[in-house]
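Here's the structure we're looking at; comments come further down.
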Amino acid sequence: MNFEKPNQSSTLKKKKNLGLQTRISDKLISILGYSNRTIVQFVINLTKQTSSQIEFRKKLEQFEFSSKEISLFVQELFDEIPTTKKRKNYRKKEEHVEEEEESCSRSRQRRKVSSEDEESDEEARIACDKEEREKLEKSIRERDARKIAERKVKKVRCDVKDRKEMRKLRKISREEYLKDREKKKLEEMRDEIEDEKYLFGDGLKLSELENSKLRYMKDVYEIVKKKKGLEDVCDDEYKMPEVYDDQFGGVNQEKRFAAALQRYKEVESGAEQKSWEDQQIGNGSLKFGSQDVNRNGDDYEYLFEDQIEFVKASVMEGENEEDMFDESSDGFREKERVQKLQDERKTLPIYRFREDLLKAIHDHQVLIIVGETGSGKTTQITQYLHEAGYTKRGKIGCTQPRRVAAMSVASRVSKEMGVKLGNEVGYSIRFEDNTSEKTVIKYMTDGMLLREFLGEPDLASYSVLMVDEAHERTISTDVLFGLVKDIARFRSDLKLIISSASLDANKFSDYFDGAPIFRIPGRRFPIEIHYTKAPEADYMDAAIVTILQIHLTQPPGDILVFLTGQEEIEAAEELLRQRTRGMGTKIAELIICPIFANLPLELQNNIFEPTPKGARKVVLATNIAETSLTIDGISYVIDPGFCKMKSYSPRTGMESLLVTPVSKASALQRAGRSGRTGPGKCFRLYTAFNYQNDLEENTVPEIQRTNISNVVLTLKCLGIDDLMAFDFMDPPPAETLLKALELLYSLNALNSVGQLTKTGRRMAEFPLDPMLSKMIVASEKYKCSEEIISIAAMLSAGNLVFYRPKEKKVHADAAKMNFHTGNVGDHIALLKVYSSWEEHNYSTQWCFENFVQVKTMKQARDIRDQLKGLLERVEIELSSSFNDVESIKKAITSGFFPHFALLQRTGAYRTGRNPQTAHIHPSSGLAYVLPKCVIYHELVLTTKEYMRQITEVKPEWLVEIAPHYYQLKDLQDAVVKKRPRVKHT
DNA sequence: GAGCACTGC
């Protein structure tokens, strides 16, 4: 409906107009999530003269809202009948107060439980109550006022029977309304001028437009004031006591806030006991206000309504504050450069411990080394050992959890030693072996060493083995622990170094039969840890508010925010842009840099661009920034305390990715990211109590939450028969282990007594999941190994084959369906994608045209090349039968028969031997085809149980291929006779 | 009609 002009409106409408500003403010907060600051400015401008939807739209467009936002907003504002969604929004708003009360009482309860000090508990309760009571009272007052007004209107309506009377009333109320409106406008203008002066007063440059607006407002205000006198303007509302007005007719803000601040001061200095948390963790707190940029130590601060209060809890001590490497040594001649590097080596924290360290290694076979990042352990220990002559007896191996780390560390060490990378110092990672016969110091990924075990079970060519970053506990390191511990028993000449940054080195020590622990101080600056005072209900919102708080109140330095995933990062980016948009030049520039693994590389590199002077960078990152990459210049870390973690259910074979609270170790690691180049601050968006009591000590090691059938096969291949007795540091759940053994048995990789078969031995050669390996081994029989390795490569390259931008969904889907013609199934579709790409000479252009991800394809090519090489090793001939779809499907079935599912009457599927309801994932080409009998690549739990990558098979094949697993009778009984109705789109 | 933390072989 249209918004009527005031002179036509009824009393009711007038009432509505009167509250327009409040309504708009509320709407903006609830619909668009704007900050108060933006809203006040916006609403004042908006309500000046506007009276129709069209005008509103125009106004809104001036403020650079998207047309979607505008439609939503205008509709919300003008529509009288609230939709469900809207109602929800209203309700949310109303419930807000109650929620706050509830959360307050919750935290109060928690405090009560935890606090041993009754009185301090009481203190906290009172403080909490006081704040809450005020908030509640305010909202109750407002609500009552609204109700009374509504009742009045009703009454008037009932009483008036006569039209004339109605008109008279309208006139009266119209007059009242106009008077009222005038008052309000003036008040607003006054406040606006005040706020402008106060918030963005001196020092901050305003744009020309902003300046002229302000001037205009001041002029109008002065004229009206002279004419009417300010005091009459607002006699029916709360008025600022005179004492606050300064001689210029403005309001003295310092006095205005003095009373409020007095309370905090009293609490701080006068109270004998503090709340439990204050006692525990000090009383630092962070306030909000743009003027803090220029001003320090004033006795009041402007507070935003939605500000978050932090309490400073502790300081992680810095251990060494020497300068970092200076790598700008290009102009030196070779010898001088080596000399300079040698000098630099001596400045590393580890250098002082060189002799002690060498002695410790000499005296003990196994040594646990604990050292923070930056101590130099990774680059130096290998060199010390080389210098001490350990390389005469064999190589020094050092494992890293990541490829990049292995490469860059090796490169660094080769420079320090003045040798060519790949000669004395080399690295070995998948797809790339940069070592030679001369190599004595070898860096490699942990998975690579595990592969080496297969060829050299006693690691005879190594004299020293160093497992670096052991605290990360990847599957590979965990398995390596067990293996190296074992070989160390009979190879007394082998030295073992386990290096970790974690605090629980004792666990490592215990595991390695009480090996001594050698501690090396790191090179980190002190970091202040801040916790929130009360739990935050919405961590996303809290993170945004905190970013702005830091931006406006803290000295220069970039911000790093840890979020859980791509979706969240994109949402946060949008929210942040919205909130800063209205501020224009009033705040310093905020550069927002998202980063997650799926982000195209060229965009990822944005985060390494140095921040321009006067600006501040906000990096919104997933866990990728926790370990995998280091960003310089980060001074502030915001840690909401969550991450996505994979979990695995051995019973159903289902994997899921869940948002889980981080562990203390992980929180510590995140905090440490702020202190690499200078003193840092970490803001945790949870309370100190949460940290102490709700977080796990360490992250559950990967081996306990993933499918380990691949690991089991590798271990079996190493001749470890009794896996239950294998010395895992943290053993995987027995059920997972049994499931893996069962799978390997049904794939014929193990015989009935659990020994490796010939098939199993061949399978173990492939760095793939056993089912994929089996598929490849089986391709020999069906003469289609060329096709099968393409499929295996595509499947193990990940789910990110097809790219689907929001704005080109239709095109992307159409392009994708090209590969699915004839409902061949997802496996064959992947094969088609790979072959077409190959036919087009691995063209990047082709990828763009077909909405296929280049990165994934290149990875698939690398994997395929590797698999091709391995085929030769296991003596499988390359053979191709591209057009014989049945053979290809049979080969796939040979690996994936345990993953079969049958269509049910309901349209859902029932999977395998441990029946489980599942659905075809909507991204599958068969999502609407619903074949009777399918095999799937993986089962994932997201919003539903989904099967990803589906191919239709015939039940007879299953019996033919896996007679030990299926009987035709069972399958035929299970297949539905009547097909469910297929939905069409 | 969904959604993909991060690695590694």
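Each chain gets a letter, A, B and so on, in the order its sequence line appears, and its residues count up from 1. Both backbone and side-chain heavy atoms feed into the values below; hydrogens, waters and symmetry mates do not.
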Interatomic distance, [X] [atom1] vs [N] [atom2] [rounded to whole Å]:
X: A:Arg402; N: B:dA5; atom1: CZ; atom2: C1'; result: 13 Å
X: A:Ile595; N: B:dA5; atom1: CD1; atom2: P; result: 14 Å
X: A:Glu469; N: B:dT7; atom1: CD; atom2: P; result: 14 Å
X: A:Met645; N: B:dC4; atom1: CE; atom2: P; result: 16 Å
X: A:Ile475; N: B:dA5; atom1: CD1; atom2: P; result: 19 Å
X: A:Glu655; N: B:dC6; atom1: CD; atom2: C1'; result: 14 Å
X: A:Gln604; N: B:dA5; atom1: CD; atom2: P; result: 13 Å
X: A:Lys644; N: B:dT7; atom1: NZ; atom2: P; result: 15 Å

So does A:Tyr946 get a backbone contact from the side chain of A:His921, meaning a donor-acceptor N/O pair under 3.5 Å?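 It does not hold such a pair.
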
Report the nucleotide, chosen from [options], that has the shortest atom-to-atom distance to any side-chain atom of [X].
X: A:Ile624; options: B:dG1, B:dA5, B:dT7; result: B:dT7
X: A:Ala597; options: B:dA2, B:dC9, B:dT7; result: B:dT7
X: A:Arg430; options: B:dC6, B:dA2, B:dC9; result: B:dC9
X: A:Lys646; options: B:dA5, B:dT7, B:dG8; result: B:dA5
X: A:Pro922; options: B:dG1, B:dG8, B:dT7; result: B:dG1
X: A:Thr445; options: B:dT7, B:dA5, B:dC9; result: B:dC9
X: A:Leu657; options: B:dG1, B:dA5, B:dC6; result: B:dA5

Residue mapping more 5' on DNA chain B - nearest nucleotide basis, A:Gln566 or A:Phe766: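 Mapping each residue to its closest nucleotide by heavy atoms, the 5'-most match is A:Gln566.
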
Would you tell me if any nitrogen or oxygen in the side chain of [X] comes within less than 4.0 Å of OP1 or OP2 on [N]?
X: A:Arg451; N: B:dG8; answer: no
X: A:Thr622; N: B:dC6; answer: yes
X: A:Arg948; N: B:dA2; answer: no
X: A:Ser476; N: B:dC9; answer: no

Side-chain contact test, heavy atoms from C-beta onward, threshold under 4.5 Å: evaluate it for A:Ser796 versus A:Leu772 and give yes or no. yes

Using a heavy-atom cut-off of 4.0 Å across all strands, would you classify A:Thr474 as base, sugar-phosphate, or nothing?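 Nothing: the residue A:Thr474, judged by heavy atoms under 4.0 Å, touches no strand.
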
Report which part of the nucleic acid A:Ile429 touches: base, sugar-phosphate, or nothing (heavy-atom distance under 4.0 Å, all strands). sugar-phosphate

Taking the six-membered ring of A:Phe562, is NZ or CZ of A:Arg670 closer than 6.0 Å to its centre and within 45° of its axis? yes

For A:Gln916 and A:Arg910, test the side chains for any donor-to-acceptor distance below 3.5 angstrom and give the result as yes or no. no

What orientation do A:His937 and A:His827 show, parallel under 30°, tilted 30 to 60°, or perpendicular over 60°? perpendicular

Could you check whether A:Tyr936 and A:Phe896 have their ring centres less than 6.0 Å apart?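 No - the distance between ring centres of A:Phe896 and A:Tyr936 does not fall below the 6.0 Å cut-off.
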
